[in-house]
Each structure stands twice: as C-alpha cells, then as structure tokens.
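Take a look at the structure set out below.
When reading the values below, keep in mind they use all heavy atoms of this one structure, side chains included, and skip hydrogens, waters and symmetry mates.
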Amino acid sequence: MSDSERPDLVAFRELEQLIHALGDEMAAWRRRAHEAEARLRTFEAASPNGAESRSGRVAALERENERLRTRLESARKRTAQLLERVRFLRQQHEQGVER
C-alpha cells in the first residue's frame, strides 16, 4: 500500500476480491451438486442390483448434497455480510468526499 492510497479504498478493493472469490466458490459448489445428481441418474440407470444398491448411493449423494447446500448457505451469508461492509465503506467514502 502506498502512502497516497486511502485505507478505506484499499479495504474496499479487498472486499471486492473476497466477494468475487466467494462467488466463484459458490459456482463450484453448485456445479458439484449438479454433477452429483447426474452421477446418481447414471448409477440408477446402470445398476444391476436394483433399488437396494441405488438406495445406498442415493443416501450418500443426498448427504453430500445437504452438506454442499449448508456450505452454500454459509457462503451466501458471508457474501451478504461482505456486501454490507462494502456498502458501509462506500457511504463512509462518499461522506468523506462531501466534507
């Protein structure tokens, strides 16, 4: 950070980077959930053991999906908190400019 850079602007850029990273992470989780559902459909179609074998895989995939949903919700909450911080920093910056 150079001496001429304002700390609030540096923090704002850092928050923007964090929000972008969280968005990428959320997209990856969503992609993994879709891939898991596609694998489930493939397993169900190819399973020689019938419903009994599928039910174990279904249960495992449902647990994984629930875990991913929980992580996704946590990321949504963190993103919302970061957005609130960005809004606050913007307000502080705008108030500083108006003075």
Is it the case that one hydrophobic cluster holds both Leu9 and Val86, taking links as side-chain heavy atoms less than 4.5 Å apart, direct or via other members? no
Take Arg63 and Glu66, measure what salt bridge (Lys or Arg N to Asp or Glu O under 4.0 Å) needs, and give me the verdict at the end. CA-CA 5 Å; Arg63 284 190 303 273; Glu66 185 56 36; over 6 Å; no
Tell me if the CD atom of Glu16 is crowded by more than 12 foreign heavy atoms within 6.0 Å. yes
Same apolar cluster (I L V M F W Y, side chains within < 4.5 Å links), Ile19/Met26: no
Under a 4.0 Å N-O cut-off, is there an ion pair linking Glu35 with Arg39? no
Leu68 CG to His34 NE2 distance, which is reported to the nearest 0.5 Å: 11.0 Å
Return the set of residues passing salt bridge (Lys or Arg N to Asp or Glu O under 4.0 Å) with Arg87 (not counting sequence neighbours), or none when no residue passes. Glu84
Point-to-point distance, once rounded to the nearest 0.5 Å, from CD of Glu64 to CZ of Arg69: 10.5 Å
Distance, nearest 0.5 Å, that separates OG1 of Thr79 from CG of Leu72: 9.0 Å
So how far is it from Leu61 CG to Leu40 CG, rounded to the nearest 0.5 Å? 5.0 Å
How would you list, by chain and number, every residue that makes a salt bridge (Lys or Arg N to Asp or Glu O under 4.0 Å) with Arg41, sequence neighbours excluded? none
Taken to the nearest 0.5 Å, the spacing of Leu18 CG from Gln81 CD works out to 12.0 Å
Answer yes if Phe88 and Leu82 sit in the same cluster of Ile, Leu, Val, Met, Phe, Trp and Tyr residues linked by side chain heavy atoms under 4.5 Å apart, and no otherwise. no
Any chance you could measure His20, atom NE2, to Leu15, atom CG, to the nearest 0.5 Å? 14.5 Å
The criterion is salt bridge (Lys or Arg N to Asp or Glu O under 4.0 Å); which residues satisfy it with Arg85, sequence neighbours excluded? none
So, Ser74 side chain and Thr70 main chain: donor-acceptor pair closer than 3.5 Å or not? no
